Q: 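Before we start, here is the structure in question, set down as structure tokens.
Below, chains carry the letters A, B, ... as their sequence lines are ordered, and counting in each starts from 1. Quick caveat, the model's predicted, so the values are computed rather than measured.
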Amino acid sequence: MRSELDAVLRSSLGRRAFLKYLAIAGGTGVLAACQKNITAATQGGGASATETRPPLESEPGVLHAYEWAGFEVKPLWRSYAAKGYPDPKFSFFTNTEQALAKTAGGYTWDIVHPEVGYVQDYFNLGAVQPWDTSLISNFPDLNPALEKAGQLDGKQYEIVTDWGYSGVIIRTDHADPSINSYSYLFDDSLAGHISWFDTPWILLQAGLVLGVESDIFDMTPQDLETCKNYCIQKKKNLYNIWVDFTQMWDDVRQGNVWAAYAWPDAWVNTRNDAPVAYIRPKEGVLAWGEGLMLNANTENYYHAHEYANAWTMPQTGLWVINNYGYGHSNLKVDLSKVDPAVVRAFGLDDPVGNLSPPAALMDRYQPQRDAYNRAWDEVKAA
Amino acid sequence: MNPAVSRGGRRSLWIFFALLVVFLYAPILILIVFSFNDRTFVSFPWQGFTFRWYREFVHNSALLGALRTSALVATLTSVVTVVLAIPASILLVRRRFFAKGAVSGLLLAPLVIPLVVFGIALLILFNTVGIPLSPLTVAIGHIVIALPFAILTMVPRLERISVSLEEASRDLGAGPLRTFRSITLPLLAPAVLSAFLIVFTISFDEVVVASFIAGDQPTFPLYLFSQLRLPQRLPQVIAVAVVVMTVSSIVVIASEVGRRLADRRLERVANLQQEVSAG
Amino acid sequence: MTELDLSIETERRGRPVPSRRRRGRRGAVTAGLLSGPVSYLLVFFVVPVVMVACYSVGLLTLLPQDHYLSLRAWHDFLFGSIYMGVFWKSVRMSLGVSITSVLLAYPVAYLLALVAGRRKYTLLLVIVAPFLTSYLLRVLAWRVILGEQGVVNSFLKLVGIAPQGWLFYSQFAVYLVLAYVWVPFVALPIFVSLEALDLSLLEASNDLGASRWTTFRRVTLPLSMPGVIAAFVFVFIPTLGEYVTPLLVGGPKGFMFGNGIQNAFLQGFDWQFGSAMSMFLIGAVMVLMAVFGRFVSFRSVSE
């Protein structure tokens with residue numbers, strides 16, 4: 001037996017031939033990869049919008065939601081479950097950039113949950129199609145300041161559900177709340193106790209403090225250079241650049257950090273342990289929304305709409321605000337069931353005004369993301 | 001008397017070892033302590049003793065599922081990697097063959113590739129060929145990154161095993177397979193065990209590649225990373241880590257028992273060696 | 001790549017040359033046995049790397065409309081960026097961490113292999129076991145130990161010494177945590193090569209009047225070199241691309257080459273640039289290993 005096998009191996013697959021075959025096989029794989037990738041990218045982009053779609057009853061029915069951990073819990077889609085639809089299947093991303101990259105690599109889902117700044121990126125990849133807002137009965141109640149950020153060419157590509165600010169948390173025992181500016185993050189008098197988040201948005205905040213002329217989301221090279229140099233110059237004031245927000249919260253609580261780039265949940269989670277204030281700077285606070293986007297080739301079109309409807313219920317909104325410390329896009333959330341201090345800190349009493357200029361600058365697509373990223377790398381490497 | 005070490009040297013080596021164990025276990029000890037702390041932050045001050053996190057994770061089926069997935073992936077990865085690495089290591093050490101430099105370079109090359117890049121590229125490949133993402137695809141990726149570690153663990157050992165034993169066995173008429181089974185493999189056993197350990201732990205803890213090529217069944221570290229958005233769940237994860245630690249300690253104790261059995265086997269091999277060299 | 005040859009030819013010169021037929025058969029068996037790992041890596045490693053190379057020159061792109069052949073990314077990376085400086089910083093860090101880890105691991109491997117006797121495998125497991133606890137959690141724990149309000153600083157305060165800020169969010173922390181991560185892994189290849197050492201060699205050396213130290217230097221150390229080199233490679237290469245540890249514990253100075261690659265792919269969504277950086281890293285390691293292989297002659301340590 002063995003010698004037979006040896007003989008076969010010897011005659012048919014010499015080493016050279018063997019390696020040659022492998023090389024050929026490898027090359028074919030690469031070529032195939034190239035081809036497939038191109039075709040995958042050129043399809044989609046709402047191509048299926050005009051096709052006749054099977055009705056809800058004939059859809060497979062189990063939605064695949066690619067989500068943040070924590071957004072799989074039932075209170076967020078209770079009304080969907082109540083209608084008897086099967087429970088969705090969830091997979092989780094570790095961060096939003098990773099989700100986009102994984103999608104670009106060909107990973108598919110029915111629904112994904114990115115920030116509004118990434119709507120254009122998903123569209124460019126041909127991964128998404130617009131929602132039919134007439135199928136979402138809650139849609140008229142949603143915050144127009146947010147939903148506008150989810151549109152491209154007048155079509156609703158993202159149903160924005162939850163939102164927050166990228167403001168500053170300060171220790172009021174060390175920093176004066178009345179300054180009310182992003183300048184806390186660069187302030188020499190707080191040296192050694194400032195914490196940035198690891199994001200190019202710090203450059204935007206520097207731009208706001210410096211009052212640069214050009215649009216901070218799409219700065220001219222000179223302005224970007226100015227912001228970069230300002231950050232490099234002020235980097236000496238840092239305690240750290242945080243990546244894990246629980247550690248940042250702890251550093252604020254313990255008094256290691258007096259001013260930090262923070263989302264409102266940081267304030268919600270530290271306000272009982274330390275004298276802190278959440279600052280929405282006078283330059284205009286950077287705000288972000290995130291919500292549901294629909295896959296271009298989903299087989300669960302109507303289920304997805306039902307699901308989006310559940311996510312935009314006022315009850316869902318209340319739950320998100322009270323449990324996660326994020327805002328919610330539905331304007332009919334019963335604020336009497338929310339802590340008044342939270343309402344004040346988030347500006348929930350006037351969510352449209354507080355999320356529009358000049359009070360806030362809403363996140364949006366950054367055409368020069370690569371340039372911003374490299375400038376930010378330079379700041380960190382300095 | 002041990003020729004490798006003097007009495008004083010022996011003592012200092014043991015002291016050094018003890019210090020290193022303290023170094024290695026200090027963070028573990030911290031985790032154990034804080035898994036009972038009634039607070040969501042891993043930090044002082046102490047807030048009070050609780051079993052809450054343990055109670056909660058027992059009912060967290062997603063977490064337990066992730067743990068199972070990781071155990072499956074790590075087992076699969078370590079078995080396949082070691083099986084691939086044994087012949088590769090032996091041939092690298094014992095044979096001359098065409099393009100040997102290139103082959104050994106290839107076998108070690110996966111050490112180099114940045115994991116993010118590898119994860120994305122592999123995802124595109126799977127997608128192209130039409131392999132659906134699952135624990136299996138994670139294992140496929142982990143085998144690639146673990147293979148060099150396994151080979152690097154076995155090659156130095158093989159270099160120290162004398163060829164004459166194998167030749168003697170052949171001269172006595174044993175076929176290559178028999179020689180491998182009764183001479184090479186037992187002598188290689190410590191390296192195989194080490195490689196298995198290394199690969200298992202690498203796979204069990206790998207998150208970057210897994211984050212791209214895992215489907216809807218996350219591995220344990222992947223689950224953990226995604227939970228970082230939710231501080232409330234962190235203590236549960238720590239409780240699980242403590243349990244994993246405890247279980248692996250039990251494995252250590254079990255292996256002590258296993259070792260005694262293995263020793264007896266090795267004695268048999270040693271006897272065989274003597275027979276061979278005598279013959 | 002072809003320079004990298006960790007293997008040692010142990011076939012001895014004096015043996016009769018096998019017949020042509022036998023050699024041919026052995027060749028076939030060799031090819032057969034190697035085909036498993038080699039073809040596995042060709043499919044699941046080489047193909048992805050070739051894809052990355054294609055991305056770096058624009059043969060493959062994220063969006064079909066960008067499809068073009070261009071060396072822009074390479075040019076920008078090599079001549080117009082900070083990343084070369086960062087690369088050398090990473091090389092220095094890798095060297096430091098690998099040397100530290102090997103120095104810490106060698107005595108332990110020595111103890112386990114030559115002194116510990118029958119307990120050695122159990123002790124080996126004792127060393128490796130902590131690594132089943134997630135890396136991320138262990139880093140969190142280090143913060144509790146070394147952080148501003150951590151165990152060490154609390155103790156220092158107790159005995160009247162001011163808290164030391166350099167313990168965490170610092171270069172020191174990066175070295176410490178990386179060495180911590182690698183030591184057990186590094187100990188294993190050294191252990192397995194020492195473990196195969198014939199104690200009678202050491203006895204002979206002692207009998208010939210050599211001191212223990214001389215014996216170690218002239219006999220034990222050279223014979224364990226393959227393990228030491230393997231261990232060094234173990235740490236050095238992966239650490240070059242390391243980015244998580246510097247990010248988590250390095251503080252404001254924690255930016256490394258691996259972070260650059262990670263950010264280019266994810267934050268910047270610039271796969272072409274990221275791919276160029278990755279291919280550079282892969283190439284640079286190949287060159288480093290070739291140079292390294294020149295300086296350390298593996299053959300000299302064989303019997």
Q: Check whether any side-chain heavy atom of C:F45 lies under 4.5 Å from a side-chain heavy atom of B:L122, and answer yes or no.
A: no
Q: Counting only heavy atoms closer than 4.5 Å, note whether C:L124 contacts chain B via side chain, backbone, both or neither.
A: side chain
Q: Checking C:V115 against chain B: side chain, backbone, both or neither under 4.5 Å from a heavy atom?
A: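 Interface part for C:V115: both.
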Q: Select one option (side chain, backbone, both, neither) describing which atoms of C:V228 are under 4.5 Å from chain B's heavy atoms.
A: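 Neither part; nothing is under 4.5 Å.
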Q: Quick one: pull up CZ in B:F126 and CZ in C:F44 and give me the separation to the nearest 0.5 Å.
A: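 Reported value, rounded in 0.5 Å steps: 5.5 Å.
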Q: Considering only distance and modelled atom types, tabulate donor-acceptor pairs under 3.5 Å from the side chains of residues 17-33 of chain B, sequence neighbours left out.
A:
{"from": "B:Y25", "atom 1": "OH", "to": "C:V126", "atom 2": "O", "distance (Å)": "2.5"}

Q: Of the backbone (N, CA, C, O) and the side chain (C-beta and beyond), which part of C:L201 lies under 4.5 Å from a heavy atom of chain B, both, or neither?
A: neither
Q: Output the option from C:T215, C:L104, C:T220, C:L240 having the highest count of non-hydrogen pairs under 4.5 Å with chain B.
A: C:L104
Q: Who are the salt bridge (charged side-chain N to carboxylate O under 4.0 Å, His left out) partners of C:E195, not counting sequence neighbours?
A: B:R157, C:K120
Q: Side chain, backbone, both or neither: which part of C:F257 has an atom under 4.5 Å from a heavy atom of chain B?
A: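 Neither part; nothing is under 4.5 Å.
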Q: Please look at C:F216 and chain B and tell me whether the side chain, the backbone, both or neither of the residue comes under 4.5 angstrom of a heavy atom of that chain.
A: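 For C:F216, no heavy atom lies under 4.5 Å from chain B.
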Q: Check for a donor-acceptor pair, side chain of C:Y40 on one end and backbone N or O of B:I140 on the other, with a separation under 3.5 Å.
A: yes
Q: With a 4.5 angstrom heavy-atom cut-off, which part of C:F265 approaches chain B: side chain, backbone, both or neither?
A: side chain
Q: Evaluate the ring planes of B:F149 and C:F185, with Trp represented by its six-membered ring, and classify them as parallel (under 30°), tilted (30 to 60°) or perpendicular (over 60°).
A: tilted
